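Computed from a predicted model, the values in this text were never measured in an experiment. Convention: sequence-line order gives letters A, B, ...; per-chain numbering from 1.
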Protein chains: 2
Amino acid sequence: MTVRTKQHPSVSSPTGLAHLANDLRLACMRISRRVRFESTDAVAPHQFSVLARLAEEPRTPRELAGIERVSAPSMTRTVAGLVERGLVSRQDDPTDGRQVILSLTPAGQTLLKDTRRRRDQWMAARLQSLSVEERETLARASEILLRVAGE
Amino acid sequence: MTVRTKQHPSVSSPTGLAHLANDLRLACMRISRRVRFESTDAVAPHQFSVLARLAEEPRTPRELAGIERVSAPSMTRTVAGLVERGLVSRQDDPTDGRQVILSLTPAGQTLLKDTRRRRDQWMAARLQSLSVEERETLARASEILLRVAGE
DNA sequence: TATTGTTATACTCTATAACTATA
DNA sequence: TATAGTTATAGAGTATAACAATA
C-alpha cells in the first residue's frame, strides 16, 4: 500500500495545477525563509540584493532602484551604507555628469561570496540526508524553477 | 545528443551536492521573490506570516514572537495592527491572567485565503506553459522540499 | 525642459530597556 | 522572584516632495 501525503490527482487538470502551484509556492517560500533564518548574514537582505546585482555588472543607482523596485532616495541610502562599509565604490560617469557608476570593491566581492557559501551550507546539509533519486528530482526541478523565475 | 544547461556531474559528490544546494536555494529564493513582487498583497509580509500561524491554531503573542523570530514588543505592534483591522481577535486566557490568546476572525480567514489564491495565480500561469513531465518533476520536488523545510 | 541624484521629512518595523500585572 | 505583555525610545528602511546639477 502506497502512502501519499498530498493529493495530486493530476498535474494537468485545473485543480491539480492549482494544488501544484500552491505546494510549489509554499515550498519555495519556506525554503527561502529557513535559509534566511539559519544563516546570520553580515548584510541585510536589501543590501545583499544590491551586492548581487553589482556583481553581475556595474550599474547606476537609478538602475538598481528600478531592479529592486524601491525609490531613488531609498537606493541612495542603501548604497551610501555599502560605500561607507567599503563594499561598493562610486565613480563618476565620464560621458554623463549626472550619473554615478557603482561597482563592487574586492571586499564586497569577498563578502558576497562568503554570504552565499554560508547560505548554501544549511541547504547542503539537508540534501545529504536525501536519497540519490530525490536529489536528482531536485536537480531537475531547480533547472525548471530557475527558468520559470527568469521569465 | 542531450543538452544540459547546467553542469551537475553528480548529485552525490561533494561538488555536485554544493552545486545543487546553490541552484536549489537560488531557485527557491527567486521564485519567492517573483511571487512577492507580482502580487500586491493587502497585508505586509510579517502580518501575513502571523495570520498564517494563527490559521493553524490560536496562539499567544509570545509564541508568535518566538516562531517569527521577532521581539515581544514588535509582535505587540504587529498584532495590534491586525486586531485594529478586525483580522485577529484577542481573548483572555482563563487559566493564566497574564496571557492573551489570539485567533483569526472570519475576516482574517477570508483575507488569508484570498491572499494565498492571488499568490498562486502567478505560479499557476507559469506552470501551464510547462510540459506534463516537468510539472510531475515539480510535484515530486515540492513534496521533498516541504519535508526538508519542515525539519 | 527632462533627467540623475540628493536632501528634507514622515511613516513603519525593528530592537532594548523599563514598567505593570499576574503566577 | 519569574513571566506575559505593554509602553517608551531609538535606529534603520521606505516613501513622497522639493532641490541641485547636468543633458
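Taking every heavy atom of residues 44-54 of chain B and every atom of DNA chain C, pairs under 4.0 Å involve B:His46, by number. Contacts of residues 56-71 of chain A with DNA chain D (heavy atom under 4.0 Å): A:Arg69, A:Val70, A:Ser71. Within residues 79-101 of chain A, the residues that place at least one heavy atom under 4.0 Å from DNA chain C are, in residue-number order, A:Arg90, A:Arg98, A:Gln99, A:Val100. Within residues 29-40 of chain B, no residue approaches DNA chain C, by heavy-atom distance under 4.0 Å.
With hydrogens and angles ignored, the 3.5 Å screen pairs no side-chain donor or acceptor of B:Gln99 with any backbone N or O of B:Asp96. Judged purely by atom type and a 3.5 angstrom limit, A:Glu134 uses its side chain to pair as donor or acceptor with the backbone of A:Ser131.
If one axis is set at each end of the helix from C:dT1-D:dA23 to C:dA23-D:dT1 from five pairs, those axes are 10° apart, to 10°.
Phosphate contact (OP1/OP2 of D:dA15, side-chain N/O of A:Ser74, threshold under 4.0 Å): present.
A salt bridge does not link A:Glu143 to A:Arg140: none of the charged side-chain nitrogens sits closer than 4.0 Å to a carboxylate oxygen. Taking 4.0 Å as the cut-off between side-chain N and carboxylate O, A:Asp114 and A:Arg117 count as a salt-bridged pair.
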For this session: Tell me, with the steps shown, if A:Ser89 and A:Thr105 meet side chain to side chain donor-acceptor pair (under 3.5 Å).
Result: CA-CA 6 Å; A:Ser89 66; A:Thr105 63; over 6 Å; no
Exercise. Does the pair A:Ile31 and B:Met29 meet the rule for a side-chain contact (heavy atoms from CB on, under 4.5 Å), with working shown?
Worked result: CA-CA 8 Å; A:Ile31 290 286; B:Met29 293 184 81; over 6 Å; no
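Taking atom CZ of residue B:Arg77 and atom C1' of nucleotide D:dG13, one finds them 14 Å apart after rounding to whole Å.
The span of DNA chain C lying next to chain B, judged by atoms under 4.0 Å from heavy atoms, is bounded 5' to 3' by C:dC13 to C:dA23.
Counting heavy atoms from C-beta outward, A:Val70 and A:His46 have side chains that stay 4.5 Å or more apart.
If you take CZ on A:Arg34 and SG on B:Cys28, they are separated by 13.0 Å, rounding to the nearest 0.5 Å.
A cation-pi arrangement is present between A:Arg119 and A:Phe48, with the terminal nitrogen or guanidinium carbon under 6.0 Å from the aromatic centre and inside a 45° cone about the axis.
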